[in-house]
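A short worksheet on the structure shown next.
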Amino acid sequence: MANFKAENFTLIGEKLVKGQQAPDFVLIDKDGNEKTLKDYKNKIKVISCFPSIDTGVCDAQTKHFAKEYENDKDVIVLNVSVDLPFAFDRWCSSNQINMVALSDYRTNQFGKDYGILMDPYMTLYRSVFVVDKDDKIALAWYNEEVGKPVNFDIVTKTVAELEKK
């Protein structure tokens with residue numbers, strides 16, 4: 001069980017752990033194209049997951065990671081939720097941010113495979129996965145409470161360690 005505004009819900013799927021192979025996925029980008037993990041090969045991937053781009057904490061999380069890694073050629077941030085692609089496109093346009101935005105709205109399989117699909121809400125739990133260039137999990141971070149901000153320091157530290165290799 002997890003906590004969301006003092007209401008209990010269940011996370012569907014098993015939590016991932018460091019050292020595990022990252023599950024592949026088929027997600028939809030803001031232009032309606034299918035994307036898989038292989039589309040981001042040879043990059044360190046920060047997979048930033050959240051319930052909805054249209055909430056304050058999710059908005060701040062997305063902006064933070066966009067700024068943190070905007071000039072880092074070795075790192076790509078994959079922002080993932082169940083928001084519809086046109087919601088991501090609208091958000092990117094209104095915030096003048098060019099980012100990778102991926103939606104799990106069609107199947108919720110990503111949420112299940114990464115252990116973050118919230119039942120009964122069917123949105124993604126706030127979490128961050130750092131995946132190395134060989135698609136191994138370097139960090140599987142699940143927030144204590146879905147409405148609270150991410151621990152950015154642990155993500156930054158993990159990425160920095162991978163960049164030294």
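It should be emphasised that the depicted structure is a prediction, and the values quoted were computed from it without experimental measurement.
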Exercise. To the nearest 0.5 angstrom, please state how far the CD atom of Glu145 sits from the CG atom of Asn143.
Key: 8.0 Å
Practice problem: Would you mind listing the cluster partners of Val17? Hydrophobic ones only (ILVMFWY), side-chain contacts under 4.5 Å, chaining allowed. | Solution: none
Quiz item: Got a second to check how far Ser127's OG is from Lys15's NZ, nearest 0.5 Å?
Solution: 9.5 Å
Self-check item: Nearest-0.5 Å distance, CG of residue Leu139 to OG1 of residue Thr156
Solution: 10.5 Å
Quiz item: Counting distance only, does the side-chain N/O of Asp132 pair as donor-acceptor with the main-chain N or O of Asp134 below 3.5 Å?
Solution: yes
Quiz item: Is there a donor-acceptor pair under 3.5 Å between the side chain of Asp104 and the backbone N or O of Phe110?
Solution: yes
Practice problem: Please check if the side chain of Asp113 supplies one atom and the backbone of Phe25 the other of a donor-acceptor pair under 3.5 Å. | Solution: no
Quiz prompt | Ile53 side, atom CD1; Cys92 side, atom SG - distance, nearest 0.5 Å | solution = 7.5 Å
Quiz item: Can you list the residues that meet the side-chain hydrogen bond (donor to acceptor under 3.5 Å, both in side chains) rule with Thr107, with sequence neighbours excluded?
Solution: none
Self-check item: For Tyr142 against Leu16, the heavy-atom pair lying closest together
Solution: OH-N, 2.7 Å
Quiz item: Given Leu27, which of Val100, Leu37, Val80 fulfils the side chain to side chain contact (heavy atoms under 4.5 Å, CB included) condition?
Solution: Val80
Quiz item: Are the side chains of Trp91 and Asp59 in touch, meaning some heavy atoms are under 4.5 Å apart?
Solution: yes
Quiz item: Under a single-linkage definition using a 4.5 Å side-chain heavy-atom cutoff for Ile, Leu, Val, Met, Phe, Trp and Tyr, are Leu162 and Ile154 assigned to the same hydrophobic cluster?
Solution: yes
Practice problem: Report, as yes or no, whether the 6.0 Å neighbourhood of atom CD on Gln21 holds more than 12 heavy atoms from other residues, nucleotides or ligands. | Solution: yes
Self-check item: Candidate pair Val82 and Met122, rule side-chain contact (heavy atoms from CB on, under 4.5 Å), full reasoning
Solution: CA-CA 8 Å; Val82 296; Met122 304 315 278; over 6 Å; no
Quiz prompt | Any residue meeting salt bridge (charged side-chain N to carboxylate O under 4.0 Å, His left out) with Asp39, in chain and number order, not counting sequence neighbours | solution = none
Quiz prompt | Test log, rule ring pair (Phe, Tyr, Trp, His ring centres under 6.0 Å), inputs Tyr125 and Tyr114 | solution = CA-CA 10 Å; Tyr125 192 75; Tyr114 281 70; over 10 Å; no
Practice problem: With salt bridge (Lys or Arg N to Asp or Glu O under 4.0 Å) as the test, would you mind laying out the steps for Arg90 and Asp83 before giving the verdict? | Solution: CA-CA 11 Å; Arg90 175 196 41 77; Asp83 287 310; over 6 Å; no
Quiz prompt | Contacts of type side chain to side chain contact (heavy atoms under 4.5 Å, CB included), residue Asp72, not counting sequence neighbours | solution = Tyr69, Asp74, Val75, Glu163
Quiz item: Is the closest basic N to carboxylate O distance between Lys45 and Asp135 below 4.0 Å?
Solution: yes
Exercise. Measure across Ser81 and Phe88 and return the closest heavy-atom pair with its distance rounded to 0.1 Å.
Key: OG-CZ, 3.3 Å
Quiz item: Taking it one step at a time, do Lys136 and Gln20 satisfy side-chain hydrogen bond (donor to acceptor under 3.5 Å, both in side chains)?
Solution: CA-CA 6 Å; Lys136 297 268 191 218; Gln20 181 179 354; over 6 Å; no
Practice problem: Test side-chain contact (heavy atoms from CB on, under 4.5 Å) on Phe65 and Met99 and set out the steps. | Solution: CA-CA 10 Å; Phe65 284 131; Met99 66 174 198; over 6 Å; no
Practice problem: Over all heavy atoms of both residues, which pair between Pro51 and Arg126 is shortest? Give the atoms and the distance, please. | Solution: CD-NH2, 3.9 Å
Exercise. Kindly indicate whether the side chain of Phe129, heavy atoms from C-beta on, has any atom under 4.5 Å from the side chain of Ile116.
Key: yes
Quiz item: Looking at residues at least two apart in the chain, or sitting in another chain, which of them share a side chain to side chain contact (heavy atoms under 4.5 Å, CB included) with Glu161?
Solution: Lys157
Self-check item: Student check: side-chain heavy atoms of Ile137 and Val131 closer than 4.5 Å
Solution: yes
Self-check item: Verdict with supporting geometry, Val155 and Trp141, side-chain contact (heavy atoms from CB on, under 4.5 Å)
Solution: CA-CA 8 Å; Val155 175; Trp141 186 82; 5.5 Å; no
Exercise. Provide the closest heavy-atom pair for Ser48 versus Gln61 in the form atom of the first, atom of the second, distance.
Key: OG-NE2, 2.7 Å
Quiz prompt | From CA spacing to verdict: side-chain contact (heavy atoms from CB on, under 4.5 Å), Phe152, Val128 | solution = CA-CA 9 Å; Phe152 296 111; Val128 180; over 6 Å; no
Self-check item: ILVMFWY network linking Tyr40 to Val46, side-chain heavy atoms under 4.5 angstrom
Solution: no
Quiz item: Between OG1 of Thr158 and CD1 of Ile44, what distance do you get to the nearest 0.5 Å?
Solution: 10.5 Å
Quiz item: Between atom CG of Leu124 and atom CE of Met118, what is the distance when rounded to the nearest 0.5 Å?
Solution: 7.5 Å
Quiz item: Is a donor on one side and an acceptor on the other found under 3.5 Å between the side chain of Asp89 and the backbone of Pro85?
Solution: no
Quiz item: Listed by chain and number, what are the side chain to side chain contact (heavy atoms under 4.5 Å, CB included) partners of Lys38, not counting sequence neighbours?
Solution: Asp24, Thr36
Practice problem: Can you see which heavy atom on Phe9 is nearest to which on Leu11, and at what distance? | Solution: CE1-CD2, 3.6 Å
